[in-house]
Protein chains: 2
Amino acid sequence: MEVSLRQHHRLLEFRGACPLSVYDHLEFKHFKSIVAIAEEGTITAAATRIPLAQSALSRQINELEDALHIQIFERDRAGISLTPAGESLLRFARELLQTRIDVVKAVQAIHQSTMRPFRLGFTPFIEHQVISTVCDAYRDLFPKGNIHPENGDTEDVIRRLRAAELDAALVTLPVLPDGYCIQPVMHEPLVVCVRKDDPLAQQDKLPAESLNGRLAIFSDPRHHPRAHQRLLEMLEAQGINPKISNPTFNSEHVQWMVRERLCIALIRQSEALHEDLTTRPIEGVNWTIDSAIAYRKEHDQEALPLLLRDLEKRFSVAEPSSPKKPPQRVREKQEQQRLSFGGQNNTSS
Amino acid sequence: MEVSLRQHHRLLEFRGACPLSVYDHLEFKHFKSIVAIAEEGTITAAATRIPLAQSALSRQINELEDALHIQIFERDRAGISLTPAGESLLRFARELLQTRIDVVKAVQAIHQSTMRPFRLGFTPFIEHQVISTVCDAYRDLFPKGNIHPENGDTEDVIRRLRAAELDAALVTLPVLPDGYCIQPVMHEPLVVCVRKDDPLAQQDKLPAESLNGRLAIFSDPRHHPRAHQRLLEMLEAQGINPKISNPTFNSEHVQWMVRERLCIALIRQSEALHEDLTTRPIEGVNWTIDSAIAYRKEHDQEALPLLLRDLEKRFSVAEPSSPKKPPQRVREKQEQQRLSFGGQNNTSS
DNA sequence: GAGTCCAATACTTTATTGCGATGGCTGGCG
DNA sequence: CGCCAGCCATCGCAATAAAGTATTGGACTC
């Protein structure tokens with residue numbers, strides 16, 4: 001019986017499974033050693049920090065270099081320094097060590113209480129597609145986790161974020177980066193919406209002065225005071241005196257106002273337009289609506305670091321002005337998904 | 001002497017350094033065990049695959065769960081299954097194990113021959129900003145590495161990629177995904193460039209039929225035969241009969257032709273325009289120029305997997321139609337870099 | 001109720017790692 | 001010039017951790 005077991009081991013070593021390989025000689029403890037030596041400058045100093053005996057650390061690194069056939073350090077008098085290979089390895093060592101911490105924290109959180117729900121605030125100005133991308137990312141990372149999106153005005157969302165009633169919030173800039181961090185996710189140009197038969201539509205870019213007295217703004221000071229104020233400042237800097245309309249986030253409403261020749265308005269470039277309307281950029285300026293995810297630096301949501309890391313990938317494949325299609329990964333060989341010059345999808349409604 | 005050393009150890013355990021922590025109980029070998037158990041369904045089967053004794057594996061997992069205070073597996077009759085926490089952990093385990101392999105391969109390559117240069121092909125249609133982003137990513141990952149960008153026509157670049165004379169290539173789609181893989185990096189809408197005083201400029205979206213007989217194309221069959229053919233097909237599908245001009249990639253040249261009323265032309269939406277010109281989308285279609293990085297599946301460039309991984313992050317922060325600014329990471333609290341509604345940068349030349 | 005399959009446990013054996021000591025090397029300093 | 005100090009590599013030995021062997025006990029099947 002015991003003989004047959006041992007034979008199995010032998011046999012399996014030659015199967016395609018995943019038996020011993022060179023890579024197995026590299027463990028997280030080696031990463032820690034490498035980081036410590038690189039930071040301390042000597043094996044001796046690093047050893048006291050690990051903590052470990054100097055001899056043990058020296059041996060550990062030598063055996064690693066031997067197993068991997070990589071010379072990580074250059075030993076010369078009075079110390080030890082990184083080789084080019086070691087410098088790259090150091091970079092990855094730091095990254096992976098941090099990832100390990102994030103993973104453990106997140107998985108611990110899932111275990112305790114099957115993970116408390118992730119409370120994601122968002123403001124009315126955030127596009128739905130952005131919210132769903134964030135939710136998808138979360139569910140992909142934590143299949144059994146719960147994510148609770150809740151909307152609210154910017155100040156309200158920020159206040160709740162700061163009060164730890166939210167774990168993260170999707171907001172549009174500008175916001176005061178006070179007590180929390182932000183990571184941008186999308187930038188979208190702002191353009192002027194006019195009737196197609198408006199004289200302004202003749203021009204390709206609208207001079208700022210041509211908007212004076214006609215441009216209405218619909219942003220609500222209560223929904224996002226800083227953005228509202230910033231918008232007024234920017235308009236003033238361009239010599240534009242806007243009409244302050246009743247606030248609304250309803251794009252249909254805004255477009256109706258423009259169609260009725262009551263005003264012209266600023267809208268997102270990607271907004272679906274009524275057929276009587278068109279958009280024009282403003283000459284000499286480059287205003288955008290910037291969406292970002294905000295979170296407390298001292299957060300207690302263990303899922304957050306991994307989610308942020310994943311979002312960096314999600315908001316990938318820069319795709320100007322067509323906010324559809326979740327990020328597609330075409331890594332290994334497969335049907336080429338998108339033949340360019342391809343879709344006949346109508347972008348307008 | 002020996003006493004003082006040991007005292008140092010004691011002291012340092014309480015410093016902020018990086019002494020023993022919970023996370024250190026999780027090593028790569030645990031990841032391997034978790035993956036094996038999850039895939040095999042029983043500890044016994046997984047143990048023969050690792051290879052390891054069943055008892056050892058059982059203990060290893062139990063001790064890990066104990067140290068991390070995470071229940072990874074659910075033991076019931078007839079086997080073992082993942083808890084929700086375990087499912088998430090499994091995901092990260094696979095990812096990190098692959099990363100470890102990629103890291104070791106890349107660093108080994110740096111060591112041997114101080115890493116052979118990374119030969120990156122690109123075609124004339126690739127925006128310079130894309131190339132520089134890729135080069136930046138490479139240099140960031142491998143400070144001592146060399147990257148050699150070389151340009152060429154699409155077929156030439158693809159041929160050299162297939163012949164292993166290039167390690168990767170930035171190309172515009174479509175290309176036959178034959179023997180190599182592609183990973184998209186950017187999509188850019190194609191629009192029609194017309195004079196501002198052209199009657200067509202009155203319209204907001206140009207009906208396909210209005211282009212018939214006027215649209216000239218400048219794509220070179222030699223530079224990219226498939227894209228050329230695809231473009232012709234797409235035009236034909238819309239009933240557009242194009243004028244075939246002498247091929248050129250010089251945007252100034254194309255714009256000059258349009259300014260001289262010789263034709264109208266398809267250009268990238270983000271192209272800098274002469275002041276007499278403007279652009280209009282074509283109604284009912286959504287043509288884009290798709291940039292992608294192509295590489296052999298059986299590549300021998302060890303830097304490639306890590307570069308691809310990093311590029312997923314680099315081409316981040318979807319930023320419609322303003323191809324500037326390398327990706328900025330605003331992770332930890334710092335000056336909020338971009339106040340929205342912010343720049344007064346002129347996008348046109 | 002015997003057979004089977006599986007995880008967990010007890011105990012033994014092996015491997016790893018740690019420690020202290022030593023030697024070689026280099027650079028600084030008297 | 002030579003001595004000392006600092007550093008890394010190596011060695012022998014001891015402690016610890018991990019793996020292996022054998023066994024137990026539970027649960028399901030027939």
Side-chain angles (χ1 to χ4, degrees), chain A residues 1-10 12-13 19-20 24-30 32-34 36-67 71-83 86, chain B residues 1-10 12-13 19-20 24-30 32-34 36-67 71-83 86:
Chain A
M1 192 53 138
E2 59 286 331
V3 176
S4 75
L5 252 179
R6 202 175 275 165
Q7 279 181 342
H8 273 164
H9 292 178
R10 288 277 155 66
L12 286 165
E13 281 180 21
L20 309 167
D24 293 337
H25 291 110
L26 181 62
E27 285 287 354
F28 277 110
K29 61 177 175 184
H30 297 110
K32 292 193 77 165
S33 301
I34 290 166
I37 295 175
E39 287 177 355
E40 297 291 335
T42 76
I43 288 188
T44 310
T48 67
R49 181 179 119 177
I50 299 278
L52 211 77
Q54 176 265 326
S55 64
L57 185 56
S58 174
R59 213 181 355 180
Q60 190 184 86
I61 296 297
N62 281 324
E63 284 168 4
L64 180 66
E65 290 181 327
D66 198 43
Q71 193 184 349
I72 302 169
F73 292 101
E74 193 85 56
R75 282 83 159 172
D76 38 18
R77 71 279 166 20
I80 200 167
S81 59
L82 287 161
T83 63
Chain B
M1 192 53 136
E2 58 285 331
V3 176
S4 75
L5 252 179
R6 203 174 274 164
Q7 279 180 342
H8 274 163
H9 292 178
R10 288 278 155 66
L12 285 165
E13 283 181 20
L20 310 167
D24 293 337
H25 291 110
L26 181 61
E27 283 288 354
F28 277 110
K29 61 176 175 184
H30 297 110
K32 291 193 78 166
S33 301
I34 290 166
I37 296 174
E39 288 177 355
E40 297 290 334
T42 75
I43 287 187
T44 310
T48 66
R49 182 179 118 176
I50 299 279
L52 212 75
Q54 174 265 324
S55 67
L57 185 55
S58 174
R59 235 176 331 171
Q60 190 183 88
I61 297 297
N62 280 323
E63 283 168 6
L64 180 67
E65 290 181 327
D66 199 44
Q71 193 182 349
I72 302 169
F73 292 100
E74 193 84 58
R75 282 84 160 171
D76 38 18
R77 66 276 166 36
I80 199 167
S81 59
L82 286 160
T83 62

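Predicted, not measured: the structure shown is a model, and the values here were computed from it. A, B, ... follow the sequence lines: proteins, then strands. Residue 1 opens every chain.
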Practice prompt. Report the distance from atom CG of D66(A) to atom P of dT16(C), rounded to the nearest whole Å.
Written response: 14 Å
Discussion item. Is it the case that dT10(D) (base atoms only) and S58(A) (side chain only) share a donor and an acceptor within less than 3.5 Å, ignoring hydrogens and angles?
Written reply: no
Fill in: T83(B) side chain near F73(B) side chain, heavy-atom distance below 4.5 Å
no
Item to complete: Rounded to the nearest angstrom, tell me the gap between atom CG in D24(B) and atom P in dA17(D).
Response: 14 Å
Worksheet entry | Rounded distance in Å - CZ (F73(B)) to C1' (dA8(C)) | 15 Å
Item to complete: Kindly say if R75(B) contacts the phosphate of dC6(C), meaning a side-chain N or O under 4.0 Å from OP1 or OP2.
Response: no
Response to the item:
Between the CD atom in Q60(A) and the CD atom in E27(A), the distance rounded to the nearest 0.5 Å is 10.5 Å
Worksheet entry | Chi angles and distances behind the side chain to side chain contact (heavy atoms under 4.5 Å, CB included) call for I72(B), I37(B) | CA-CA 11 Å; I72(B) 302 169; I37(B) 296 174; over 6 Å; no
Worksheet item: How many Å lie between CD1 on I72(A) and P on dC8(D), as a whole number?
Response: 15 Å
Discussion item. Side chain to side chain contact (heavy atoms under 4.5 Å, CB included), that's the test. Do I34(B) and L64(B) meet it? Break it down for me.
Written reply: CA-CA 10 Å; I34(B) 290 166; L64(B) 180 67; 4.2 Å; yes
Practice prompt. Give a yes/no on whether any side-chain N or O of N62(B) is located under 4.0 angstrom from OP1 or OP2 of dA8(C).
Written response: yes
Practice prompt. Grab the CD-P distance between Q60(B) and dA8(C) for me, whole Å please.
Written response: 13 Å
Discussion item. Between P on dA8(C) and CD1 on I37(B), what's the gap in Å once rounded to a whole number?
Written reply: 9 Å
Practice prompt. Ignoring the backbone of A56(B), work out which of dG20(D), dA7(C), dC8(D) is nearest its side chain.
Written response: dG20(D)
Practice prompt. Taking only the side-chain heavy atoms of A53(A) (C-beta and beyond), determine which of dC19(C), dA19(D), dC7(D) contains the nearest atom.
Written response: dC19(C)
Worksheet item: Touch check for Q54(B), heavy atoms < 4.0 angstrom, all strands: base, sugar-phosphate only, or nothing?
Response: base
Discussion item. Could you tell me how far apart H25(A) (NE2) and dT17(C) (P) are, to the nearest whole angstrom?
Written reply: 10 Å
Response to the item:
Atom CD1 of I80(B) and atom P of dC5(C) are separated, to the nearest Å, by 18 Å
Worksheet item: Does Q71(B) offer a backbone N or O that forms a donor-acceptor pair with the side chain of E65(B) under 3.5 Å?
Response: no
Item to complete: Assign S55(A) to base, sugar-phosphate, or nothing according to its heavy-atom contacts below 4.0 angstrom with the strands shown.
Response: base
Worksheet item: Between R59(B) and K29(A), which has a closest nucleotide on DNA chain C that is more 5'?
Response: R59(B)
Discussion item. Side chain of E63(B), heavy atoms from C-beta onward: which of dA18(D), dG20(D), dG18(C) has the nearest atom to it?
Written reply: dA18(D)
